[in-house]
Amino acid sequence: MSVNKRNIEIKACIKDITELLEKVKSHSDTKEEIIRQEDHFFNAIHGRLKLRILEDDKAQLICYERDDRAGPKLSKYSIALCEDAENMKTVLSTSLGIKGSVKKTRHLFFIKNTRIHVDEVENLGDFIEFEVVLDENQTEEDGKTVAYDLMKLLGVHESDLICGAYMDMILSTKT
């Protein structure tokens with residue numbers, strides 16, 4: 001996989017989304033952006049492959065590799081912009097088969113070099129995700145330090161961390 005971007009990620013369950021949103025807003029460097037999106041996951045040979053469809057019918061094809069474990073972890077990813085979301089979904093579904101879909105409302109914030117996502121995931125619950133964007137000079141350890149500092153700042157406990165993707169959680173509830 002040709003990967004040109006890296007970040008350190010955590011994902012955690014949220015008990016009180018209203019309280020957490022207020023806390024994130026008070027520390028954010030940006031105004032809240034609300035994004036409604038639908039992610040369609042496909043059967044990939046390596047890592048994960050998803051087509052993220054946004055409200056304006058624009059889409060992003062995203063491939064990524066990340067360990068399925070709790071705590072801050074390295075994610076390597078590539079993103080391609082797509083103008084024709086529905087046709088891209090049809091092509092990928094026909095070729096690779098669709099694993100499943102995730103619908104969510106995402107509250108996006110930035111704290112320094114970190115994307116903070118507060119997600120309301122349909123039929124699954126509420127979550128927070130950090131994506132500490134690494135530049136070419138930063139190490140994994142640099143990113144993990146930022147992630148742990150943000151966990152402390154925002155009151156995210158290690159016991160709230162989850163391992164996989166939302167798609168994995170949805171699939172595990174169906175079996």
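Without hydrogens or angle criteria, E22 side chain to E19 main chain gives no donor-acceptor distance under 3.5 Å. Proximity of a side-chain donor or acceptor of S93 to a complementary backbone N or O of K89 within less than 3.5 Å is detected. Under the 3.5 Å distance criterion, the side-chain polar atoms of S28 are left unmatched by any main-chain donor or acceptor of V24. Between the D67 side chain and the R69 main chain, no donor and acceptor come within less than 3.5 Å of each other. A donor-acceptor pair is defined here as one N or O able to donate and one able to accept, closer than 3.5 Å; such a pair exists between the side chain of R6 and the backbone of Q138.
Side-chain heavy atoms closer than 4.5 Å link hydrophobic residues (I, L, V, M, F, W, Y) into clusters, and following such links, possibly through other members, connects V156 to L21. M167 and I128 end up in different hydrophobic clusters when Ile, Leu, Val, Met, Phe, Trp and Tyr side chains are linked at under 4.5 Å. Grouping the Ile, Leu, Val, Met, Phe, Trp and Tyr side chains by contacts below 4.5 angstrom, directly or via other members, places M169 apart from I17. The hydrophobic cluster containing I111 also contains V146, counting ILVMFWY residues as joined when their side-chain heavy atoms lie under 4.5 angstrom apart, directly or transitively. One hydrophobic cluster holds both V132 and F109 under the rule that ILVMFWY side chains link at heavy-atom gaps under 4.5 Å.
Across all non-hydrogen atoms, the minimal contact from L49 to C63 is CD1-CB, 4.0 Å. Between A147 and F130, the shortest heavy-atom contact is O-CE1, 3.7 Å. When every heavy atom of A85 is checked against every heavy atom of I53, the shortest pair comes out as CB-CG1, 3.9 Å. The heavy-atom pair separating G143 from L134 by the smallest distance is CA-CD2, 3.7 Å. Residues A165 and K11 share a closest heavy-atom pair of CA-NZ, 4.2 Å. A pairwise comparison of heavy atoms in I10 and K73 identifies CA-NZ, 4.4 Å as the closest pair.
Counting only heavy atoms from C-beta outward, the side chains of T94 and T90 approach each other to under 4.5 Å. No side-chain heavy atom of E38 sits less than 4.5 Å from a side-chain heavy atom of R52. Looking at K58 and E83, their side chains come closer than 4.5 Å, going by heavy atoms from C-beta outward. For the pair I98 and H40, the minimum side-chain heavy-atom distance is below 4.5 Å. In this structure the side chain of K99 reaches within 4.5 angstrom of the side chain of L171, judged on heavy atoms. Residues V118 and I14 have side chains in contact (heavy-atom distance under 4.5 Å, counting atoms from C-beta outward). Counting heavy atoms from C-beta outward, I170 and N123 have side chains that stay 4.5 Å or more apart. With a 4.5 Å cut-off on side-chain heavy atoms, I62 and S78 do not count as touching.
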Report task. Decide yes or no on side-chain contact (heavy atoms from CB on, under 4.5 Å) for V102 and V121, but give the supporting numbers first. Result -> CA-CA 7 Å; V102 176; V121 183; 3.7 Å; yes
Report task. Check the pair V133, R115 against side-chain contact (heavy atoms from CB on, under 4.5 Å), reporting the backbone distance first and the verdict last. Result -> CA-CA 8 Å; V133 179; R115 291 186 294 262; 3.6 Å; yes
Requested in this report: Just do the salt bridge (charged side-chain N to carboxylate O under 4.0 Å, His left out) check on E9 and R66 with the steps written out, would you?
Outcome: CA-CA 9 Å; E9 294 187 17; R66 178 185 71 213; 2.6 Å; yes
Requested in this report: Apply side-chain contact (heavy atoms from CB on, under 4.5 Å) to Q37 and K104, showing your working.
Outcome: CA-CA 6 Å; Q37 60 192 55; K104 63 188 164 207; 2.7 Å; yes
Query raised in the report: Can you check side-chain contact (heavy atoms from CB on, under 4.5 Å) on I116 and E131, steps first, answer last?
Result: CA-CA 7 Å; I116 308 291; E131 293 179 349; over 6 Å; no
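When only modelled atom types and interatomic distance are considered, T105 and E120 share no side-chain donor-acceptor pair under 3.5 Å. With hydrogens and angles left out, the side-chain atoms of D142 and T139 include a donor and acceptor closer than 3.5 Å. No side-chain donor from either of D39 and Y166 sits under 3.5 Å from a side-chain acceptor of the other.
In this structure, the separation between OH on Y64 and CG on L74 is 13.5 Å, given to the nearest 0.5 Å. Atom CD1 of I34 sits about 10.5 Å away from atom CG of L108, to the nearest 0.5 Å. Note: K50 NZ to F41 CZ = 4.5 Å, rounded to the nearest 0.5 Å. Taken from CG in D168 to CG in D68, the straight-line distance is 5.5 Å, to the nearest 0.5 Å. Atom-to-atom distance recorded for I45:CD1 and L96:CG is 7.5 Å, nearest 0.5 angstrom. Atom-to-atom distance recorded for E129:CD and I162:CD1 is 8.5 Å, nearest 0.5 angstrom.
In the displayed structure, K25 atom NZ is contacted under 6.0 Å by more than 12 heavy atoms of other residues, nucleotides or ligands. Within 6.0 Å of atom NE2 in H27, more than 12 heavy atoms from other residues, nucleotides or ligands are found, so the atom counts as buried in its surroundings.
Between K15 and D160, at least one side-chain N (NZ, or NE/NH1/NH2) sits under 4.0 Å from a carboxylate O, which counts as a salt bridge.
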